Amino acid sequence: MTTRAALLVLADGRFPAGGHAHSGGAEAAVKAGHIRNAQDLAGFCLGRLHTTGLTSAALAAAAAHGLDPLALDEAADARTPSPALRAVARRLGRQLMRAARATWPGPELAALAAARPRGAHQPVVLGLTARAAGLGPEDAAHCAVYEAVSGPATAVVRLLSLNPFEATAMLARLTPELDRVAEQAAAAALGGIDALPAASAPLLDITAEAHAAWPVRLFAS
């Protein structure tokens with residue numbers, strides 16, 4: 001049975017999936033001077049939404065649609081050129097898997113956990129979690145696109161002491177775009193793995209590798 005309340009639980013920042021420890025590239029962008037205020041943050045989030053956000057949302061939607069999660073995990077690897085980001089995606093996937101199996105236990109999650117003991121890519125786990133919760137592909141896509149922008153927004157509030165009201169207002173203004181990207185991702189998932197988008201953000205890949213080598217950092221990524 002589908003329940004939209006399950007979507008609220010899954011998308012809640014307090015769901016113990018480990019995302020609070022990650023900035024989605026915002027910490028490196030702040031240090032480089034690319035994000036200095038709410039306007040810069042909006043531009044960063046919009047760019048992330050249409051690149052890695054779209055790709056992640058499509059992978060999540062495909063998993064929720066019932067496509068082979070192991071094949072999707074390989075597709076996620078191919079769409080993540082940065083070794084640092086691949087490692088992050090698998091760590092987040094492992095943490096999400098633990099929370100998902102405690103919340104919505106089921107055979108598909110158990111099978112993926114057994115096949116990928118070190119963690120599958122987080123968007124794939126997210127989509128399979130949505131499926132276990134009775135949610136559909138577009139629900140999974142909405143959750144993924146929201147994560148793509150809310151994580152950096154929350155991180156920048158901490159990094160710059162940005163007014164949280166400004167960050168929340170920025171997210172609210174982005175909601176029509178979030179809906180469009182989620183719908184695009186869910187539609188792509190219906191075409192199979194070869195139809196999934198592979199939008200990338202090379203600067204995020206480059207800065208992720210540099211960030212991973214920092215001796216001191218507030219966020220894990």
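Small disclaimer: the values here were computed from a predicted structure and weren't measured.
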For [Y], is there any backbone N or O sitting under 3.5 Å from a side-chain donor or acceptor partner on [X]?
| X | Y | answer |
| --- | --- | --- |
| Gln184 | Leu54 | no |
| His142 | Glu138 | yes |
| Arg217 | Ala212 | yes |
| Arg131 | Gly136 | no |
| Glu27 | Ser221 | no |
| Thr55 | Thr51 | yes |
| Ser56 | Gly53 | no |
| Asp179 | Pro176 | no |
| Arg79 | Ala75 | yes |

From [X] atom [atom1] to [Y] atom [atom2], the distance as rounded to the nearest 0.5 Å:
| X | Y | atom1 | atom2 | result |
| --- | --- | --- | --- | --- |
| Arg94 | Leu92 | CZ | CG | 9.5 Å |
| Leu85 | Arg90 | CG | CZ | 12.5 Å |
| Leu49 | Leu178 | CG | CG | 5.5 Å |

Measuring only between side-chain heavy atoms, which start at C-beta, is [X] closer than 4.5 Å to [Y]?
| X | Y | result |
| --- | --- | --- |
| Phe44 | Leu204 | yes |
| His34 | Asp40 | no |
| Leu126 | Leu10 | yes |
| Leu7 | Tyr146 | no |
| Gln122 | Glu147 | yes |

(request) Dump the intermediate steps for side chain to side chain contact (heavy atoms under 4.5 Å, CB included) on Leu196 and Leu72, then the final yes or no. (result) CA-CA 10 Å; Leu196 298 179; Leu72 287 170; 3.7 Å; yes
(request) Check whether Val145 and Phe15 end up in the same hydrophobic cluster, where Ile, Leu, Val, Met, Phe, Trp and Tyr are linked by side-chain heavy atoms less than 4.5 Å apart. (result) no
(message) Checking side-chain polar atoms at under 3.5 Å, does Asp77 have a donor or acceptor matched by the opposite partner on His121?
(response) yes
(request) Write down the atom of Ala28, the atom of Thr207, and the distance for their closest heavy-atom approach. (result) CB-CB, 3.9 Å
(request) Taking all non-hydrogen atoms of both residues into account, name the closest pair between Ala64 and Pro137 and its distance. (result) CB-CA, 3.8 Å
(message) Between Lys31 and His211, is the side chain to side chain contact (heavy atoms under 4.5 Å, CB included) condition met? List the steps.
(response) CA-CA 10 Å; Lys31 184 173 182 180; His211 182 270; over 6 Å; no
(message) Between Arg180 and Glu177 (salt bridge meaning N to carboxylate O under 4.0 Å), is one present in this structure?
(response) yes
